[in-house]
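Order of the sequence lines fixes the chain letters, A, B, ..., with proteins taken first and strands second; residue numbering starts at 1 for each chain. Any value given below was found using the heavy atoms of this structure, including those in side chains, with hydrogens, waters and symmetry copies removed.
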Amino acid sequence: MLTITLPDGATRTFESDSVTGNEVAAAIGKRLAADAIGIMVDGQLQDLSRPINANAKVSIITPKPEDNQAMFLLRHSTAHVMAEAISDLFPQVKLAYGPPVEGGFYYDMELATPITEGDFSRIEQRMAEIVRENRPFTRYELPQHQAMAALETQGNAYKLDNARRAIAQDASAVLSFYATGQPGKNWEDLCRGPHLPSTGRIGAFKVTSVAGAYWHGDATKQQLQRVYGIAFFSQAQLDAFVHQQDEAKKRDHRLLGKQLQLFTISPLVGSGLILWMPRGGVIRQELELFMREELARRGYSAVYTPHIGHIDLYKTSGHYPYYKESQFPTIKMAQRDSDDQSEYLLKPMNCPHHIQIYAAHPHSYRDLPIRLAEFGTVYRFEQSGELSGMTRVRGFTQDDAHLFCTPEQVEQELKSTLDMVLLVLQTLGFTDYQCRVSLRDPTSDKYAGDPALWQTAETTLRKIVSESGIDSVEAPGEAAFYGPKLDFLVRDVIGRQWQLGTVQLDYVLPERFGLEYIGSDNQPHRPVMIHRAPFGSMERFTGILIEHFAGAFPAWLAPVQVSVLTISEKFLDYGRSVLSQLLAAGIRADIDDASDKIGAKIRRARDLKTPYMLVVGGKEQENAAVAVRTRKDRDLGTMPTDEFIRQLQMEITTRKADSVFTT
RNA sequence: GCUGCUGUAGCUCAGCUGGUAGAGCGCGUCCUUGGUAAGGACGAGGUCAUGGGUUCAAGUCCCAUCAGUAGCUCCA
């Protein structure tokens with residue numbers, strides 16, 4: 001006798017001591033039994049065919065794209081089908097590991113001849129056959145020694161390793177296998193499960209890409225081939241997904257950066273080195289201006305430091321030689337002048353320079369906090385495979401600042417720096433960000449300083465975050481070597497996460513450089529440092545910003561805020577007078593004086609995503625007016641030129657995200 | 001750094017199984033002076049990423065290098 005509780009609290013009782021998910025679903029309804037693809041038993045996802053041997057709370061999983069459990073079953077099962085297809089087509093393949101992941105699935109495998117994109121269609125064809133055959137996923141379990149023996153015979157070291165790891169994790173682990181069809185007759189794989197009832201439940205799928213991946217993510221180990229795929233319950237869902245991907249790609253900052261002439265990269269200058277074009281330069285200038293205003297308001301001092309520093313500086317800070325391989329090679333004076341043994345480094349960070357400014361003269365506790373700010377350009381030799389547009393580069397400018405304060409001031413200063421990061425995100429309309437509390441990994445030795453100070457620092461950061469009320473996740477092992485930090489992460493159009501703003505707490509560098517201030521007790525004390533950069537890097541931030549706005553920047557950031565479009569050359573003089581009024585009012589404006597019709601001029605300005613177009617012809621000239629049009633709306637009608645300018649100036653100076661002309 | 005893919009005009013791309021390069025947009029000149037998402041004509045513009053090799057002949061095949069790209073690894 002079993003009692004099964006459903007999500008709504010209703011119960012079903014069964015006479016036997018064991019009941020399968022299929023039987024539970026059938027007891028609820030015929031339709032549900034037909035739809036069902038899996039079952040949650042006391043919070044555990046299971047095959048429908050597995051017996052339930054005790055009273056349990058269950059819910060039936062049906063094929064819904066928004067249900068994570070349903071998608072897990074689908075993706076995991078499709079990974080098996082793909083693995084079978086590849087095994088058929090490439091009999092010498094050794095499968096390693098094939099999990100579902102966010103957005104799809106992959107399977108890692110060893111194969112002497114690489115799979116290429118050209119192979120995708122025949123893999124998909126074979127998969128389609130397996131799906132059409134609608135074979136059941138059949139689970140069977142073997143005692144450990146038998147399972148291991150079976151895997152030994154197969155001679156697949158990866159699967160054996162997987163089994164050993166499962167046993168190492170849980171000595172009583174039962175090893176399960178899933179056959180796509182009948183065990184012993186059809187293809188099968190060591191697998192924890194669960195799976196869909198049968199291959200026929202897979203609606204639509206696509207093999208998407210192939211890439212190298214290291215066994216267990218270890219770059220010293222052998223590289224396997226990872227084949228990626230996606231799966232959906234219906235073709236319509238797959239089509240929608242593909243469409244969405246295509247739309248996302250149109251927002252890619254690398255594409256828009258080219259189209260809108262914002263930045264370029266020249267191989268002659270070097271990989272990963274951004275050249276800001278005039279239109280992109282405007283955006284950066286406006287962002288910097290915004291930041292400078294905030295810095296002034298918050299008691300920061302502007303400083304300037306050079307692009308290189310003596311290597312001893314970084315030996316003292318501890319940055320060198322830990323990060324030797326990710327730096328540009330040192331500049332050795334000895335090559336030119338044998339007497340001078342000096343070595344310089346392109347600066348990989350600004351803090352040591354700022355520390356030298358602090359250390360230039362003694363400080364009283366009355367001077368603190370001291371906040372030194374600089375748009376400091378740093379150089380890091382990122383691996384070639386890591387470079388990506390503006391988001392991962394080898395030279396970038398941080399909106400950096402270092403705060404030197406007393407231990408008592410730490411909390412207040414942290415609060416105000418966090419506040420500044422949030423202001424930046426809010427002003428630019430970022431709501432979909434993640435705050436990561438990056439902590440030390442206690443088992444690693446890459447961290448410097450006294451563990452007790454780390455404890456203090458981490459506790460303080462946690463407190464600040466929880467008081468601020470923002471959502472956050474803790475990430476052990478993500479801290480800087482000198483201290484824990486708060487990182488603000490945003491996704492790009494491809495779904496990759498990037499760190500933008502950061503706030504870092506540091507008790508270590510003041511120690512290393514022997515920094516001091518004289519306290520009210522007339523004794524020397526050690527200051528605490530806070531490193532912070534609300535944008536993070538101007539390059540990365542701008543790259544993400546381009547994608548965030550899909551190139552349609554709010555007026556205050558737009559490279560050109562207004563384009564004057566003349567109806568015909570007869571009105572060029574009037575158009576030019578409107579243009580000079582705009583320029584005189586400090587508005588970034590241009591005029592399209594080509595001998596095109598108005599439709600073509602509008603199209604051109606829209607393609608450049610200019611926020612406002614002012615159409616001027618005879619009617620406007622008579623009334624000292626302009627016909628206003630925004631890049632997204634239609635004709636907004638005419639208004640006096642000075643009225644347009646007044647309203648636009650308001651929109652710009654208040655850095656509004658949306659147009660004041662649309663309601 | 002590793003694996004796969006890619007590299008043809010300023011941009012987006014075509015160029016079949018090798019036989020010394022094409023389109024659209026953009027650009028220039030001219031015609032047109034047109035009222036809200038492309039008016040018309042003509043024209044200029046290419047060491048086919050670079051360097052080797054195979055071949056009577058290479059944009060096309062092979063190798064290397066450089067760069068881009070997806071993923072892995074890394075990210076002070």
Looking at A:Arg526 and A:Glu511, is there a salt bridge between them, counting it only when a charged N and a carboxylate O are closer than 4.0 Å?
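Salt bridge: yes.
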
Any residue meeting side-chain contact (heavy atoms from CB on, under 4.5 Å) with [X], in chain and number order, not counting sequence neighbours:
X        : answer
A:Leu572 : A:Thr566, A:Glu569, A:Arg576, A:Ile591, A:Asp593
A:Arg440 : A:Tyr447, A:Pro451, A:Trp454, A:Glu458
A:Ala85  : A:Ile123, A:Arg126, A:Met127, A:Ile130
A:Leu489 : A:Gln434, A:Arg436, A:Asp487, A:Gln497, A:Gln499

Expressed in angstrom and rounded to an integer, what is the separation of [X] atom [atom1] from [N] atom [atom2]?
X        : N      : atom1 : atom2 : value
A:Glu382 : B:rC72 : CD    : C1'   : 16 Å
A:Phe120 : B:rG71 : CZ    : P     : 13 Å
A:Ile567 : B:rU32 : CD1   : P     : 19 Å
A:Asp119 : B:rU3  : CG    : P     : 18 Å
A:Lys597 : B:rG34 : NZ    : C1'   : 5 Å
A:Arg394 : B:rC75 : CZ    : P     : 16 Å
A:Trp215 : B:rU3  : CH2   : P     : 20 Å
A:Gln259 : B:rC11 : CD    : C1'   : 9 Å

[atom1] atoms of [N] and [M], separation to the nearest Å:
N      : M      : atom1 : answer
B:rG71 : B:rA76 : C1'   : 25 Å
B:rA44 : B:rA57 : P     : 32 Å
B:rU69 : B:rU33 : C1'   : 47 Å
B:rU47 : B:rA41 : C1'   : 32 Å
B:rG7  : B:rC11 : C1'   : 15 Å
B:rU29 : B:rG45 : C1'   : 15 Å

Base-paired stems that RNA chain B participates in, counting runs of 3 or more Watson-Crick or G-U pairs under 3.5 Å:
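When the pairs of RNA chain B are grouped into runs of at least three, the stems are B:1-7 with B:66-72, B:10-13 with B:22-25, B:27-31 with B:39-43, B:49-53 with B:61-65.
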
Using only modelled atom types and a 3.5 angstrom limit, is any donor from either the side chain of [X] or the base of [N] paired with an acceptor on the other?
X        : N      : answer
A:Arg603 : B:rA38 : yes
A:Arg392 : B:rC75 : yes
A:Ser326 : B:rA76 : yes
A:Tyr214 : B:rG71 : no
A:Glu620 : B:rG35 : yes

ring-ring contact (aromatic ring centres under 6.0 Å, His included) assessment of A:Phe644 paired with A:Phe661
CA-CA 9 Å; A:Phe644 171 76; A:Phe661 295 93; 5.1 Å; yes

Do any pairs count as a ring-ring contact (aromatic ring centres under 6.0 Å, His included) and have a residue in residues 105-125 of chain A, sequence neighbours left out, and if so which ones?
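For residues 105-125 of chain A: A:Tyr106-A:Tyr228.
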
From [options], pick the nucleotide closest to the side chain of [X]?
X        : options                : answer
A:Tyr228 : B:rG71, B:rU36, B:rG1  : B:rG71
A:Leu387 : B:rG68, B:rG71, B:rU36 : B:rG68
A:Val615 : B:rU32, B:rG35, B:rC74 : B:rG35

Establish, with yes or no, whether the OP1 or OP2 oxygen of B:rU32 is under 4.0 angstrom from a side-chain nitrogen or oxygen of A:Ser595.
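For B:rU32, OP1/OP2 do not have a side-chain N/O of A:Ser595 under 4.0 Å.
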
May I ask you to evaluate whether A:Lys570 reaches the phosphate of B:rG34, defined as a side-chain N or O under 4.0 Å from OP1 or OP2?
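It does, given that an N or O in the side chain of A:Lys570 lies less than 4.0 Å from OP1 or OP2 of B:rG34.
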
Has A:Arg540 got its NZ or CZ under 6.0 Å from the middle of the six-membered ring of A:Phe396, at an angle within 45 degrees of the ring axis?
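Negative - A:Arg540 is either too far from the ring of A:Phe396 or too far off its axis.
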
